[in-house]
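Residue numbers begin at 1 in each chain, while the letters A, B, ... track the order of the sequences. Remember, it's a predicted structure, so these values are computed and weren't measured experimentally. In what follows, every heavy atom counts, from backbone to side chain, and hydrogens, waters and symmetry copies are set aside.
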2 protein chains.
Amino acid sequence: MLTKSSTELVRQQNSMLVLAALRRRGSLSHTEIASETALASATVSAITAELERAGIIARSEQHVQGGRGRPRVLLMPRRDYGYVIVVRISSDIVQYSLADYGGTLLDRFEEARNHDLKGTAAFGQIFAAALERLLQRSRITKEEVLAISISSKGLVAGDGARLIWSPVFGSEELDFQSLLRPEWRAKIMLSNETLLVAQALAVRAEEGRDDFKALAAISLGHSIGLGLARKGHFGELDVSAPNFGHMLHTSSAGLCRCGSRGCIEAAAGFYGILRTAFEVPSDTIPAKFVPLSEMDKIAASARQGHRMAGYAFRQAGIALGNGISRLLSLYEPMPILVTGPGTRYFDLLQKGVEEGLAQSLQVRLMGPPEITVVADEQRLVFDGHLNRALSTIDGGLAAGHD
Amino acid sequence: MLTKSSTELVRQQNSMLVLAALRRRGSLSHTEIASETALASATVSAITAELERAGIIARSEQHVQGGRGRPRVLLMPRRDYGYVIVVRISSDIVQYSLADYGGTLLDRFEEARNHDLKGTAAFGQIFAAALERLLQRSRITKEEVLAISISSKGLVAGDGARLIWSPVFGSEELDFQSLLRPEWRAKIMLSNETLLVAQALAVRAEEGRDDFKALAAISLGHSIGLGLARKGHFGELDVSAPNFGHMLHTSSAGLCRCGSRGCIEAAAGFYGILRTAFEVPSDTIPAKFVPLSEMDKIAASARQGHRMAGYAFRQAGIALGNGISRLLSLYEPMPILVTGPGTRYFDLLQKGVEEGLAQSLQVRLMGPPEITVVADEQRLVFDGHLNRALSTIDGGLAAGHD
DNA sequence: ACTTTTTTCTCGACAGTCGAGAAAATAAAT
DNA sequence: ATTTATTTTCTCGACTGTCGAGAAAAAAGT
């Protein structure tokens with residue numbers, strides 16, 4: 001059932017529109033906002049006055065200039081309105097970053113993950129301590145932090161705060177909400193890493209052509225991640241991170257470290273490729289973590305014509321291709337963007353991917369999807385973090401009184 | 001990018017709300033509308049007055065009564081505001097129905113599909129002629145028809161007017177928009193049949209509990225259909241019909257009549273089951289159409305312990321189970337509702353389905369989905385038709401002037 | 001100093017929702 | 001028969017929001 005609308009909601013929506021425009025473009029003048037949002041000049045005045053009064057945006061002093069006429073005065077988000085903490089949890093390190101409300105990076109440090117310390121309880125302590133350290137280094141109080149955006153590989157619950165399954169902690173659930181709630185008033189956001197990649201790529205794509213509909217980001221590495229970004233009925237971006245890596249590929253295939261058999265990851269993840277290449281029995285997990293150098297060696301021998309190594313990459317490609325074909329069968333056609341450390345072997349995977357794709361009616365009808373390799377996954381993840389955190393902050397601001 | 005809002009849009013949204021409430025409940029009084037929509041009484045007055053002036057709704061004469069106080073006067077959609085034509089295209093017959101704006105069925109007839117007459121052109125002629133006949137029988141003009149809602153099994157294009165692939169016409173595309181556009185001013189809507197089932201079931205589910213999130217309807221028969229209904233961010237119902245039946249099950253499996261190999265349908269559709277049961281080579285399509293009596297015989301022998309017959313249903317179940325597990329991997333957990341003629345063999349399929357489901361991490365984590373058999377698919381399809389057609393008409397009415 | 005140009009701001013008109021209370025219409029009580 | 005109580009519907013004024021037009025502001029050219 002739909003929910004009722006009111007004049008207040010109109011203002012809220014249009015406020016968000018103005019804030020989003022400022023976010024996209026950094027800073028805009030009164031007239032630019034009007035043309036960007038299609039709002040009347042008078043409305044822009046009303047909204048910006050309100051936002052300014054609330055201390056959310058400010059007018060820049062030096063009016064940049066050229067031609068004649070009254071100089072434009074630029075409006076922009078006030079950088080000191082608050083702060084955002086971004087945490088990227090990966091298998092070997094945890095990266096903590098601090099950014100301001102304007103989206104500029106203020107501080108960053110990394111901590112190696114201690115693999116001896118098992119369990120979520122221990123991690124929780126280290127995590128909380130690191131956040132404290134981040135505050136102290138920049139002399140910021142908890143109250144000034146508006147959002148804490150955390151990412152990990154794995155499966156995130158619908159409420160966006162609980163990590164249900166992850167390669168790092170297995171199925172031991174990790175609830176960041178309850179971990180941080182008492183002390184922090186910031187909004188806690190937990191996202192799958194590849195979801196953030198999809199978000200960042202979708203924002204980029206929207207800036208270019210405006211016929212953007214949907215895209216899928218696939219991250220290749222030790223595990224296989226999928227992020228989906230689709231434009232909803234009302235023009236809003238709808239991102240999700242389905243459990244692609246552990247979707248069933250073939251029941252006859254090898255054991256996955258999640259405990260099931262035949263997951264995509266078990267064939268296309270690094271350890272799966274290694275297992276096939278070295279002809280390790282398919283019901284053993286060869287390594288907790290496969291260093292890139294090891295993968296590089298297998299790739300090199302594959303490129304020199306080594307049979308099993310080539311076969312391993314080929315099989316991985318087929319698993320990916322089949323998975324993508326199923327993805328496209330269950331969603332609409334969309335371009336595929338591939339990131340992650342595994343992209344350096346994409347030449348070896350490609351033929352298998354094509355083979356795996358060709359088998360389905362969907363691909364025969366619609367043609368194969370456009371598959372592009374995109375570099376710099378870490379940058380995309382961080383961009384996605386900021387994007388998501390800042391725009392939900394803006395949403396809350398527009399909604400609550402302001 | 002989001003789009004701007006305005007006070008007019010507010011009225012539009014709230015008008016839709018009122019119309020939707022009247023649709024759901026048949027007829028409501030002023031106060032009932034107010035409580036149902038959470039709108040203020042004054043607002044309800046304004047909106048209903050407008051709708052009444054436009055001839056869309058009317059007050060019923062006999063005020064039904066009980067207690068004391070001023071009697072309530074009931075408002076309801078005016079049945080003679082316009083008409084809706086519903087066409088269900090199935091492999092053997094085409095059913096034409098006429099309903100009024102109030103949603104009551106006025107006329108219905110069926111025509112056997114002539115299987116000798118191949119091709120979409122011939123079908124187009126027969127189709128147009130049948131619509132004319134439907135008008136004449138009830139003495140209605142084309143101008144009074146507000147929507148023509150057509151359903152078929154198969155794959156419908158995103159624009160909701162073109163049939164891209166269907167078991168009936170293969171990949172010969174059928175564009176109902178261009179077929180009917182010049183003469184009819186009605187809105188042409190083409191939907192996958194199982195999508196309509198999902199729509200109808202979702203509407204039913206929403207009436208009961210209001211925590212409804214999503215559901216999947218699977219139709220078992222000669223082909224396998226999937227309809228997905230999910231509640232969007234703004235409370236609206238988002239239905240789609242992905243190409244589930246022709247999603248890849250296993251590349252090693254049999255030939256599908258779509259021309260690909262290993263589709264779910266090729267294992268779980270009637271002809272697939274028959275093929276396995278009779279050990280027909282897996283690269284031949286045994287029959288264009290398998291009569292139910294034939295399937296009943298196979299089922300009977302399976303229930304009496306015949307090995308290959310039981311195996312065939314088991315394999316079909318596994319294909320379904322794997323498919324559902326993949327569906328749940330790529331979407332969120334949701335209940336599965338099974339309809340169609342194939343449900344009479346569900347006892348034989350069930351064990352295979354469970355086996356096929358059990359193989360994935362998703363199911364291990366979230367538990368197996370709730371699977372329910374729902375009877376009377378044809379009724380659901382028709383309900384879905386009316387629901388969809390009438391609510392899009394209402395949407396257009398609220399949007400355009402009125 | 002005056003004009004031109006461009007941007008920003010302000011004012012009144014208009015569209016919508018809401019709460020409160022008036023008006024309407026009936027049943028029960030006197 | 002009249003009054004009272006009760007319930008529903010309708011109406012009025014206040015409030016919030018958007019919009020177009022034009023005034024005010026602030027610079028550059030003449």
S.K.: Is B:R11 close enough to C:dT17 that one of its side-chain N or O atoms is under 4.0 Å from OP1 or OP2 there?
M.R.: yes
S.K.: Could you tell me how far apart A:H30 (NE2) and D:dA24 (P) are, to the nearest whole angstrom?
M.R.: 17 Å
S.K.: Between C:dT8 and A:T31, is there an OP1 or OP2 to side-chain N/O distance shorter than 4.0 Å?
M.R.: yes
S.K.: Indicate whether OP1 or OP2 belonging to D:dA5 is found under 4.0 Å from a side-chain N or O atom of B:R70.
M.R.: no
S.K.: Record whether the side chain of A:S41 comes under 3.5 Å of the base of D:dC19 through a donor-acceptor pair of N or O atoms.
M.R.: no
S.K.: Taking only the side-chain nitrogens and oxygens of B:K4, find out if one of them lies under 4.0 Å from OP1 or OP2 of D:dG17.
M.R.: no
S.K.: What do the steps show when you test B:R24 against B:E206 for side-chain contact (heavy atoms from CB on, under 4.5 Å), and what is the final call?
M.R.: CA-CA 11 Å; B:R24 268 201 311 280; B:E206 263 188 319; over 6 Å; no
S.K.: Given D:dC10, is OP1 or OP2 found less than 4.0 Å from the side-chain N or O atoms of B:R59?
M.R.: yes
S.K.: B:T43 side chain N/O closer than 4.0 Å to the phosphate oxygens (OP1, OP2) of C:dC18?
M.R.: yes
S.K.: What integer distance in Å separates A:L39:CG from C:dC9:P?
M.R.: 15 Å
S.K.: Can you tell if the side chain of A:L19 reaches within under 4.5 Å of the side chain of A:I57, non-hydrogen atoms only?
M.R.: yes
S.K.: Parallel, tilted or perpendicular: which fits the ring planes of A:F234 and B:F234, with parallel below 30° and perpendicular above 60°?
M.R.: perpendicular
S.K.: Under the criterion side chain to side chain contact (heavy atoms under 4.5 Å, CB included), which of A:V84, A:V86, A:I140 is the partner of A:L98?
M.R.: A:I140
S.K.: Given D:dG17, is OP1 or OP2 found less than 4.0 Å from the side-chain N or O atoms of A:N14?
M.R.: no
S.K.: So, is A:R68 close to the C:dT4 phosphate, meaning a side-chain N or O under 4.0 Å from OP1 or OP2?
M.R.: no
